[in-house]
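Start at 1 and go down the list; that is how both ligands and their atoms are numbered.
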Amino acid sequence: MEQLVELNTYVEFGGHYKPPDCIPLQRIAIIIPFRNREHHLRHWLYYLHPILRRQQGEYGIYVIEQAGENTFNRAKLLNVGFVEASKENNYDCFIFSDVDIVPENDRNLYRCSQNPRHLACAMDKFGYKLPYTGYFGGVVAFTKEQYLKINGFSNNYWGWGTEDDDTYKRVTLSGMSVDRPDRNIGRTKMIRHQRDKGNEVNEKNYVVYNRMKYTRNQDGYISLKYSLIKIEKNQLFTKITVDIGKPPS
Ligand code: UDH
Ligand code: MN
């Protein structure tokens, strides 16, 4: 981590950057759901800070850590990231990124566009193409308005799977479509890894998904509940640790 800091001296404390010679059109918060992936985070920071600087974005990095050993809830952590980053700065654009995904091409702009934008549309692990048409996982970008329009993400997906399909459906049911970069520009790499302990596939997530049409207006940004445990400012990122509870028994 010390070496990383030395390599990226342009980054301001807390993981912030602002281009010195232009006025950016978007203030960008990058939100990373996190638990026990320190080595992936170092890899991500190593690649992304230089890319984001070359893209001349104004950005802040927020690592949202789930405290404790309860089942992981990726989408709920993303909602927490939206709320906590917004408390710190008037961000216009929110990029929700897995900790283990890195773009291969600088032209894959980490920015928001007309519709919610899917930045990881050509991942190496899926042969550099979408695994299915409605795939919307890995890295996605929402303006504040787009995020609020879909009522954020569901808080009810505990464990691995289906929360990204829920998000896709929220987008289309809200009358928006999805923007994607060209397949060559959207190439991304995911670090190969095993499934984490505490994030096992949860069959109950399909039940949540099948009901989402009726529940999405009550479940999301509007119903988010969590407690803040700690805000830790590092040189290259801000880490926010939260208690988000546990799945219903
Ligand atoms: N995450 C954590 N900690 C966890 C679980 C998930 O930080 O314990 C975050 C992290 O940002 C990660 C994201 O949630 O990138 C998504 O989880 P994932 O990387 O496990 O999702 P993926 O779709 O899962 O990559 C693939 C599991 C592959 C198992 C293959 C076995 N052959
Ligand atoms: Mn992964």
For this session: State whether a side-chain donor-acceptor pair under 3.5 Å links Glu84 with Tyr226.
Result: yes
For this session: Answer yes or no for Asp100: is there an N/O/S atom below the 2.8 Å cut-off from the Mn ion (ligand 2)?
Result: yes
Exercise. Counting both backbone and side chain atoms, is some N or O of Gln194 under 3.5 Å from an N or O of ligand 1?
Worked result: no
For this session: Run the contact test for Asn36 against ligand 1 with a 4.0 Å cut-off on heavy atoms, strictly below, and give the result.
Result: no
Exercise. Going by distance only, is there an N or O of Trp160 that falls short of 3.5 Å from an N or O of ligand 1?
Worked result: yes
Exercise. Does a donor on one side chain and an acceptor on the other come within less than 3.5 Å for Asp166 and Tyr157?
Worked result: yes
For this session: Could you tell me whether Tyr62 and Phe237 have their ring centroids closer than 6.0 angstrom?
Result: no
For this session: Calculate the angle formed at the Mn ion (ligand 2) by SD in Met190 and NE2 in His193; 10° precision is enough.
Result: 110°
Exercise. Are the side chain of Asn8 and the backbone of Leu236 linked by a donor-acceptor contact shorter than 3.5 Å?
Worked result: no
Exercise. Relative to the heavy atoms of Met190, which atoms of ligand 1 are at a distance of less than 4.0 Å?
Worked result: 25 (O)
Problem set entry | Heavy-atom nearest neighbour in the protein, as seen from atom 3 (N) of ligand 1, with distance rounded to 0.1 Å | Arg35 O, 2.8 Å
For this session: May I ask you to check if ligand 1 and Lys197 share an N or O to N or O distance below 3.5 Å?
Result: no
Problem set entry | ligand 1 contact on Val99 by region, counting heavy-atom pairs under 4.0 Å | both
Problem set entry | Heteroatom proximity flag, Arg74 to ligand 1, N/O under 3.5 Å | no
For this session: Give a yes-or-no answer on whether the side chains of His118 and Asp179 include a donor-acceptor pair shorter than 3.5 Å.
Result: no
For this session: Answer yes if the side chains of Tyr209 and Asn156 hold a donor-acceptor pair under 3.5 Å, and no otherwise.
Result: no
Seminar exercise, completed: Contacts of Arg35 meeting side-chain contact (heavy atoms from CB on, under 4.5 Å) (sequence neighbours excluded), chain-then-number -> Gln66, Phe72
Exercise. Lys233: what forms a salt bridge (charged side-chain N to carboxylate O under 4.0 Å, His left out) with it, not counting sequence neighbours?
Worked result: Glu88
Problem set entry | Sub-3.5 Å N/O-N/O distance, Pro33 and ligand 1 | yes
Exercise. Can you tell me if Asn205 and Glu203 form a side-chain donor-acceptor pair at under 3.5 Å?
Worked result: no
Seminar exercise, completed: among protein heavy atoms, the one nearest atom 17 (O) of ligand 1 is Arg37 NH2, 3.9 Å
Seminar exercise, completed: In this structure, atom 5 (C) of ligand 1 is nearest to the protein heavy atom Asp196 OD2, 3.1 Å
For this session: Under the side-chain contact (heavy atoms from CB on, under 4.5 Å) rule, what do Phe96 and Leu119 come out as? Steps first, then yes or no, please.
Result: CA-CA 10 Å; Phe96 303 96; Leu119 301 176; over 6 Å; no
Exercise. Which of the atoms of ligand 1 are close to Lys125, meaning less than 4.0 Å from one of its heavy atoms?
Worked result: 22 (P), 23 (O), 25 (O), 26 (C)
Seminar exercise, completed: The closest protein heavy-atom partner of atom 6 (C) of ligand 1 is Phe72 CE2, 3.2 Å
Exercise. Relative to ligand 1, is Asp98 under 4.0 angstrom through side chain, backbone, both or neither, heavy atoms considered?
Worked result: both
Exercise. Taking N or O atoms only and a 3.5 Å limit, does Arg195 qualify as a polar contact for ligand 1?
Worked result: no
